[in-house]
There are 2 protein chains.
Amino acid sequence: MSRGPNKKFEPEVALGKAMEVFWLRGYEAASLTELLQNMGISRKSMYDTFGNKQSLFLKALEQYAQTRLRSIREQLLASGSALNNIEQLLKSMQKTHGKPGSTGCMLGTCTADFNTSDVEIAPVLRSYYNRLENIYYEAISQAQTEGELNPQASPRDLARMLLCTTQGMALVGRVLDSETIPQSVVKMTIEALKKS
Amino acid sequence: MSRGPNKKFEPEVALGKAMEVFWLRGYEAASLTELLQNMGISRKSMYDTFGNKQSLFLKALEQYAQTRLRSIREQLLASGSALNNIEQLLKSMQKTHGKPGSTGCMLGTCTADFNTSDVEIAPVLRSYYNRLENIYYEAISQAQTEGELNPQASPRDLARMLLCTTQGMALVGRVLDSETIPQSVVKMTIEALKKS
DNA sequence: CAAAACTTAAACCAATTAGTCTAGGTTGTA
DNA sequence: TACAACCTAGACTAATTGGTTTAAGTTTTG
């Protein structure tokens, strides 16, 4: 057994704080100084624990994605009708991204933030989008088997539409000061699903 | 009349080159060095002509938006059916954003790049989104009066859906290496319009 | 108690940033 | 021809960046 005390700060908590800064500012614009201030730890501890800025970011992005994907999956797999769960999810997104000062989705922000040819980050983002698409796919399929959606429609196509529409809403919402656009988008998206 | 030669370089051409760099890299990551190299002018000329980096960026963004908006408007107002023009526009976007190495829409990239509370840039982006929404609105209205779309549907809602869906497709396309997602999105969007 | 594991604060480094300024060259016109 | 307008190249500044290292202090445990 090793001697001495264990880590005093909670790496996961500090990582969460770092995530908030990256989410708000983006990778480049998030300075070490601001990151450390929010994380509440010293420079040394950060480098000892997380390696460097890029790997800190990748860990923060991973935590964001897992938290977000789990939350969405839970909302979609809640008891009751699958279609209703999709509607409720979209409504909650409408509210979130319609708020002034909303920061959108961290995946989307990073998708814009990084050079498209960045071989380090692009595959990570692509994989998260795939997982998100698959979550939508499952929910739509379930709504179909429950008889709530047209069984002839392609759940794969619908899931992809849902993916891009919500990402677009989250992105545009960053500069909006009213809920009108998200309202329209969610309304039309739900109609599109039902009429598919 | 003033003496001496007029400007040797074309400010609009140089601005276009700057725009390309900003588009590819984003505001922060676009260094003066890279900008000047692409613009093909000296540091001094840039500061004399454009002021500083931020105003260079704002001018580049304005040029991008005007070029882009005009192009979209032209495609939508082309001769023939309004609905068909919308379809053709979406198909061209599908192709563009499905290409590996696609850089998305500069408006979207900047929307993610800047701090949401940036009072300088947020209103500019918001205004561009409004203009884009209005262009879609006109096209949809025309398709309705031409009897190609359900006249009961709200062209405002549909225009907003189109806005967010295309922005999302452009954004996600930055990390994609195949056309499958844009294909699905465009297919579903056209269906949604027709069934609205 | 003493050593190990952990912590912070701050000094430090090399590189890069946006922006300014100067010196010298070219070009066109009064 | 002489001067004004424009140009480039590059030196320079002041600040900031990510990252490293050092020194000193704290806590736990063998």
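Below, chains carry the letters A, B, ... as their sequence lines are ordered, and counting in each starts from 1.
- Here the OH-CG distance, from B/Tyr136 to B/Leu89, works out to 5.5 Å after rounding to the nearest 0.5 Å.
- Between A/Tyr27 and A/Phe114, the two ring planes are tilted [angle within 30° to 60°].
- At a threshold of 4.0 angstrom between heavy atoms, the contacts of B/Gly40 are confined to the sugar-phosphate backbone, with no base atom among them.
- Contact annotation: B/Ser45 side-chain N/O to D/dC6 OP1/OP2 distance is not under 4.0 Å.
- For the pair B/Leu36 CG and C/dT20 C1', the computed distance is 14 Å after rounding to whole Å.
- When every heavy atom of A/Thr109 is checked against every heavy atom of A/Trp23, the shortest pair comes out as CG2-O, 4.2 Å.
- Summarising the geometry, the separation between CZ on A/Phe50 and P on C/dT7 is reported as 10 Å, rounded to the nearest angstrom.
- Separating the CZ atom of B/Phe9 from the C1' atom of C/dT26 is a distance of 15 Å, rounded to the nearest angstrom.
- Counting only heavy atoms from C-beta on, A/Lys53 has its side chain closest to D/dG19 among C/dT8, D/dG19, C/dG19.
- Rounded to whole Å, the distance from CG on B/Asp48 to P on C/dT20 is 10 Å.
- Among D/dG19, C/dT22, C/dT8, the nucleotide with an atom closest to any side-chain atom of A/Lys44 is C/dT8.
- Atom-to-atom, CE of A/Met46 to P of D/dT21 comes out at 15 Å; the value is rounded to the nearest Å.
- A/Asp113 and A/Glu28 make their closest contact through OD2-N, 3.8 Å (heavy atoms, listed as atom of the first residue, atom of the second, distance).
- Rounded to whole Å, the distance from CZ on B/Phe57 to P on C/dA18 is 14 Å.
- Each of B/Leu61, B/Asn38, B/Leu35 was compared with B/Phe22 under the side-chain contact (heavy atoms from CB on, under 4.5 Å) criterion, and only B/Leu35 meets it.
- Side chains of A/Asn84 and A/Glu148 form no contact here, defined as non-hydrogen atoms less than 4.5 Å apart.
- Here D/dA9 presents its P atom at 11 Å from CD1 of B/Ile41, a figure rounded to the nearest Å.
- With distances taken from any side-chain atom of A/Tyr47 to the nucleotides C/dA18, D/dT20, C/dT22, the minimum falls on D/dT20.
- Secondary structure note: stems in DNA chain D built from 3 or more consecutive Watson-Crick or G-U wobble pairs under 3.5 Å occupy C:1-30 with D:1-30.
- Within the nucleic acid shown, B/Ala29 has no heavy atom closer than 4.0 Å to any nucleic acid atom.
- For D/dG10, the base has no donor-acceptor partner in the side chain of B/Arg43 [N/O atoms by modelled type, under 3.5 angstrom].
- Annotation: the span from B/Met188 atom CE to A/Leu162 atom CG amounts to 12.0 Å, rounded to 0.5 Å.
- Between the CZ atom of A/Arg25 and the C1' atom of D/dT17 there is a distance of 16 Å, given to the nearest Å.
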